[in-house]
Asks: 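Here it is, the structure in full.
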Amino acid sequence: ICRDCGMVFREAVLDYREERRSIKSDDGNEKDHSRSTATNNTLHTSGLGTVVGKVRGRAFMTKAEKQLKKRKQEAMPAIDRLLLQGNDCIRTYAEHLQVPPKITDIAQKQFKEFVEKMTPVGARAMGNEPPVNAVNLKPIKNKNTNLPEYAAVALLWACRLEKVPRTLKELHKILKIKQKKIRAALKAYRNIAGLSDAAKTSHADYLGRYVSEVGMSHALIRVAQAAANNVKHIDELSGKRPQTISAGIIMLVATIANENISVDRITATTGVAATTVTKTHQTMVSHQEQLLPRDFLLKYGMLPSSSTVPPQ
């Protein structure tokens, strides 16, 4: 929290991971931990169910074991099994990405909508015919499971909807999921009506997180935000990715203010190549009078004192 302006950076203050508590057992062992999580309201039923594994040590099941397996499978519909496993993945990924619980809830709702509309199991459960481009989600225990990438994309969409977007490179690096699989799942999610338009992002959405991660001072953050608002007036920057523009703004402000933020650090934070950051910075330098506030340029001697550039 800034003592001067009161600006709060929640990414650096709050820990959004699930609470972990030590529970003392009867034998005095306190090494066991218990996690407390919210009630899952996305399931269609409140029935209890579990996944019964194969019986080890023999190739057959007794009659009692078969009846038990059938009862447990019937206790929870197939669609709820997918939702339950997908929600578990989303909670785990949200903890790794350090996102607020609100985004986790939105991601679970998006995943539920996807399962109900775009999978054969979900469509039939809702009384509809599966679409032509339906996706056959495979459970976690399946050898060729595709559930993790679809759960990850649900979280990606939720982050975009809440204007705290994450990139595919971040998901690949943190969640260890191949970008090729994430792109395929992302393409399938775009078939949900209205989702693509609502989840559009801008460079300002990325900038707020990047400036915090590179350690930029609060005074310079306000300058960077002003530059982000003026980018729309520069035709040469139109069409560039939001991450690229954010990286260029950080380098522009840091260079003028002699802030110790290297190109390598900007690249590591934003995932934008060093050459791309440098080229974008060079373009912005030629338009710095249009991008940056006049008092900032005067402070660092980038404008003559008699300059007629109007304040922004």
Side-chain angles (χ1 to χ4, degrees), residues 42 78-94 96-97 99 103-126 128-206 209 238-247 270-273 276:
T42 61
I79 183 174
D80 280 355
R81 289 182 180 273
L82 286 178
L83 292 175
L84 189 63
Q85 292 183 1
N87 290 339
D88 288 342
C89 285
I90 290 172
R91 282 196 298 269
T92 302
Y93 296 160
H96 292 325
L97 293 173
V99 298
I103 293 180
T104 305
D105 294 339
I106 294 174
Q108 290 178 347
K109 291 177 182 178
Q110 292 293 345
F111 183 76
K112 178 182 180 182
E113 182 181 359
F114 178 81
V115 171
E116 291 175 347
K117 292 183 178 180
M118 298 301 300
T119 66
V121 171
R124 294 191 182 99
M126 300 302 295
N128 303 320
E129 286 296 322
V132 178
N133 54 349
V135 177
N136 185 23
L137 286 183
K138 300 176 182 178
I140 295 294
K141 288 196 173 182
N142 192 297
K143 183 178 180 180
N144 299 319
T145 180
N146 57 352
L147 194 62
E149 50 260 38
Y150 283 91
V153 170
L155 195 60
L156 178 70
W157 278 116
C159 289
R160 291 184 177 182
L161 290 170
E162 288 299 300
K163 305 303 179 183
V164 284
R166 298 299 194 271
T167 63
L168 298 186
K169 288 184 179 180
E170 286 181 279
L171 264 64
H172 168 66
K173 183 179 179 180
I174 298 175
L175 306 182
K176 309 302 180 184
I177 302 176
K178 293 181 179 179
Q179 291 191 51
K180 182 179 179 180
K181 293 183 177 181
I182 297 176
R183 288 193 181 94
L186 191 61
K187 183 178 179 180
Y189 262 86
R190 289 197 174 99
N191 293 320
I192 299 179
L195 188 57
S196 296
D197 295 334
K200 289 182 178 179
T201 58
S202 66
H203 50 273
D205 298 330
Y206 289 92
R209 183 162 54 92
S238 61
K240 290 187 178 294
R241 294 191 309 155
Q243 302 94 306
T244 302
I245 294 177
S246 299
T270 62
V272 181
T276 305

Asks: Would you confirm whether T119, through its side chain, and V135, through its main-chain N or O, come within 3.5 Å as a donor-acceptor pair?
Replies: no
Asks: What are the two closest non-hydrogen atoms of Q110 and Y189, and how far apart are they?
Replies: O-CE2, 4.2 Å
Asks: In Å, rounded to the nearest 0.5 Å, how long is the span from NE2 of H96 to NZ of K176?
Replies: 10.0 Å
Asks: Do the side chains of P131 and K117 get nearer than 4.5 Å, heavy atoms only?
Replies: no
Asks: Ignoring hydrogens, what is the shortest heavy-atom contact between A154 and I90? Give both atom names and the distance.
Replies: CB-CD1, 4.2 Å
Asks: What closest approach, in Å, do R166 and V99 show between heavy atoms, and which atom pair accounts for it?
Replies: NH2-CG1, 3.8 Å
Asks: Do you know which two heavy atoms are closest between V272 and R241, and how far apart they sit?
Replies: CG2-NH2, 4.1 Å
Asks: Find the distance between CG (L186) and CG (L168) and round it off to the nearest 0.5 Å.
Replies: 6.5 Å
Asks: Verify the distance criterion only: is there a donor paired with an acceptor across the side chains of Q179 and R183 at less than 3.5 Å?
Replies: yes
Asks: Just jot down the ring-ring contact (aromatic ring centres under 6.0 Å, His included) partners of Y150, sequence neighbours excluded, or say none.
Replies: F114
Asks: Answer yes or no: is there a donor N or O on one side and an acceptor on the other, between the side chain of Q85 and the main chain of I140, under 3.5 Å?
Replies: yes
Asks: Dump the intermediate steps for side chain to side chain contact (heavy atoms under 4.5 Å, CB included) on E116 and I79, then the final yes or no.
Replies: CA-CA 8 Å; E116 291 175 347; I79 183 174; 4.1 Å; yes
Asks: Please report the closest heavy-atom contact between K112 and L83, naming both atoms and the distance.
Replies: CA-CD2, 3.6 Å
Asks: How about P130 and V121: do any of their side-chain heavy atoms sit closer than 4.5 Å?
Replies: no
Asks: Return the CG to NZ distance between L171 and K181, rounded to the nearest 0.5 Å.
Replies: 14.0 Å
Asks: Which heavy atom of E162 sits nearest a heavy atom of I103, and at what distance?
Replies: CG-CG1, 3.8 Å
Asks: So do N133 and M118 actually touch side chain to side chain, heavy atoms under 4.5 Å?
Replies: yes
Asks: To the nearest 0.5 Å, how far apart are CD in Q243 and OG1 in T167?
Replies: 6.0 Å
Asks: What distance separates N87 CG from D105 CG, expressed to the nearest 0.5 Å?
Replies: 9.5 Å
Asks: Rounded to the nearest 0.5 Å, how far apart are OH of Y93 and CG of L156?
Replies: 13.0 Å
Asks: Excluding sequence neighbours, so at least two apart, what forms side chain to side chain contact (heavy atoms under 4.5 Å, CB included) with N136?
Replies: none
Asks: I want to check something: taking the side chain as every heavy atom from C-beta on, are K138 and K143 in contact at a cut-off of under 4.5 Å?
Replies: no
Asks: Using the side chain to side chain contact (heavy atoms under 4.5 Å, CB included) rule, take R91 and Q108 through it: C-alpha gap first, then chi angles, then the decisive distance, then the call.
Replies: CA-CA 9 Å; R91 282 196 298 269; Q108 290 178 347; 3.6 Å; yes
